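Just so it is clear, the model here is predicted, and its values are computed rather than measured. Hydrogens, waters and symmetry mates are skipped; everything else that's a heavy atom, side chains included, is used. Residue numbers start from 1 in every chain, and the chains themselves are labelled A, B, ... in the order their sequence lines are given, proteins ahead of strands.
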Number of protein chains: 2
Amino acid sequence: MAVAPDTAADLVYQIFDLQRAVRCIAAAGVRGQDTGVALQGVLRFVGEGESRATKLAERLGVSAPVLSRHIADLEEQGLVVRRQDPEDGRAQLVALTPAGKDKLRQIEEQRTAILQDYLRDWSEADAGNTAKTLHKLTESLKKSARATAAGIPSTPEEQKHG
Amino acid sequence: MAVAPDTAADLVYQIFDLQRAVRCIAAAGVRGQDTGVALQGVLRFVGEGESRATKLAERLGVSAPVLSRHIADLEEQGLVVRRQDPEDGRAQLVALTPAGKDKLRQIEEQRTAILQDYLRDWSEADAGNTAKTLHKLTESLKKSARATAAGIPSTPEEQKHG
DNA sequence: TATTGTTATACTCTATAACTATA
DNA sequence: TATAGTTATAGAGTATAACAATA
């Protein structure tokens, strides 16, 4: 049953090693650009369709003040527009401008090209399987982290104390 | 040959999604602690054996000033010690103190326990394969990033121009 | 009262530039 | 000259607290 401690420990280190490698590559890619990786992340989710700020913050995993600032920055760059939610006077709806769509497309094309180049000796199947593996890992982490944050006991011991 | 654009684009997003999930979990784990994730990373590599600061910075993928500050912080916390390299008057050798070893072990145990818990419905084989997959991806990225940084042309077009 | 969003402030992590000391 | 390391400074990204406006 479950995962052995040594395997879990190895997996932790593999995750952090990947983080480090990605950080270096991403940092090199945005050097001298106005739109840093955080703003790029916001653009991505706004690009999936007009959305509330609250919803965006949740999907991005950042706090509301952080998102508020990012939206303000993107608006200043002319990449997004805000309008009031017709169904809720407190809320805003954020959407990409044409310039924002261009920017997002450009960012995606650049990233895709770099990764294609970096993985040029990989097979299509390897890349596809890796994407699936990452997705599965991320979903497990998000699900468990949500449950933990909500105070749901996870181990049998904790459940007894509950 | 190689990886299709759509697959590469998907993989990029899977990588960033994992980063986000891990950031949230890691941030929650170090809340209120002296030893943040960056210092924990330094501890890990120092824990593999007494090492030069330069070597550590390279392995961590950070600049020399950043590592210098981290080492100073860890020394202040009594977790590492520095001594001059007997073979090079300019260089230092950094090693864990007993307290540093304790701290590293405690960090690893805590992380391992959390990941084991989060992946409690995973099989040992799935976890092992995921670790291997991450390792392969990281190695490909690091290798290509190194080559790019060194100015080695990567695409046939660029090679022709060289 | 609870929720949406903003502003003010501070912390973590990182980088570049300028420097000292040694090779 | 080149390398190892430090200090000073700046920037990106994030969080908490306090607030205003609306539900």
**Student:** Is it true that A/D126 and B/K136 have a side-chain N and a carboxylate O under 4.0 angstrom from each other?
**Tutor:** yes
**Student:** Decide yes or no for A/S140 and B/W122: does some side-chain heavy atom of the first lie under 4.5 Å from some side-chain heavy atom of the second?
**Tutor:** yes
**Student:** Would you mind reading off the distance between B/Q84 atom CD and C/dT20 atom C1', rounded to a whole angstrom?
**Tutor:** 14 Å
**Student:** For A/L56 and C/dT4, give me the distance from atom CG to atom P, rounded to whole Å.
**Tutor:** 13 Å
**Student:** Just how far, in rounded Å, is C1' of C/dT14 from CD1 of A/I25?
**Tutor:** 17 Å
**Student:** Does a sphere of radius 6.0 Å around CG in B/D6 hold more than 12 heavy atoms from other residues, nucleotides or ligands, not counting ones at 6.0 Å or beyond?
**Tutor:** no
**Student:** For C/dT14, does OP1 or OP2 lie under 4.0 Å from any side-chain N or O of B/H70?
**Tutor:** yes
**Student:** Given atom CG of B/L39 and atom P of C/dT14, what is their separation to the nearest angstrom?
**Tutor:** 9 Å
**Student:** Between the main-chain N or O of B/V46 and the side-chain N or O of B/S51, is there a donor-acceptor pair closer than 3.5 Å?
**Tutor:** no
**Student:** Taking salt bridge (Lys or Arg N to Asp or Glu O under 4.0 Å) as the cut-off, I'd like each qualifying pair that reaches into residues 55-64 of chain A, sequence neighbours left out, listed once.
**Tutor:** A/E48-A/R59
**Student:** Can you work out whether B/R31 or A/D88 has the more 5'-proximal nearest nucleotide on DNA chain D?
**Tutor:** B/R31
**Student:** How long is the span from the CG atom in B/L141 to the CG atom in A/D17, to the nearest 0.5 Å?
**Tutor:** 11.5 Å
**Student:** Just the endpoints, please: which first and last nucleotides of DNA chain D, 5' to 3', lie under 4.0 Å from a heavy atom of chain A?
**Tutor:** D/dG13 to D/dA23
**Student:** What is the distance, rounded to the nearest whole Å, between atom CZ of A/R83 and atom C1' of C/dT4?
**Tutor:** 16 Å
**Student:** C/dT16, C/dA2, C/dT7: which one has an atom nearest the side-chain heavy atoms of A/R90?
**Tutor:** C/dA2
**Student:** By nearest heavy atom, map A/A27 and A/K55 onto DNA chain C; which one lands nearer the 5' end?
**Tutor:** A/K55
**Student:** Ignoring the backbone of A/T54, work out which of C/dT4, C/dC13, C/dA15 is nearest its side chain.
**Tutor:** C/dT4
**Student:** Name the residue closer to the 5' end of DNA chain D, choosing between A/D34 and A/G61 according to the nucleotide with the nearest heavy atom.
**Tutor:** A/D34
**Student:** In whole angstrom, give the distance that lies between atom CG of A/L67 and atom C1' of C/dG5.
**Tutor:** 10 Å
**Student:** Does any N or O in the side chain of A/S68 come within less than 3.5 Å of the main-chain N or O of A/A64, such that one atom is a donor and the other an acceptor?
**Tutor:** no
**Student:** Which value, rounded to the nearest 0.5 Å, describes the distance between B/E50 atom CD and B/Q92 atom CD?
**Tutor:** 11.0 Å
**Student:** Tell me which nucleotide among C/dG5, C/dA15, C/dT16 gets nearest to the side chain of A/A53.
**Tutor:** C/dG5
**Student:** Check every strand shown and say whether B/D85 touches a base, only sugar-phosphate, or nothing at a heavy-atom separation below 4.0 Å.
**Tutor:** nothing
**Student:** C/dT14 P sits how many Å from B/I71 CD1, rounded?
**Tutor:** 13 Å
**Student:** Look at the side chain of A/Q92 and decide which nucleotide, out of C/dT4, C/dT6, C/dC13, has an atom nearest to it.
**Tutor:** C/dT6
**Student:** Using whole Å, report how far CD of A/E87 lies from P of C/dT4.
**Tutor:** 14 Å
**Student:** For B/V66, answer base if it contacts any base atom (sugar-phosphate contacts may also be present), sugar-phosphate if it contacts only those atoms, and nothing otherwise; contact means non-hydrogen atoms under 4.0 Å.
**Tutor:** base
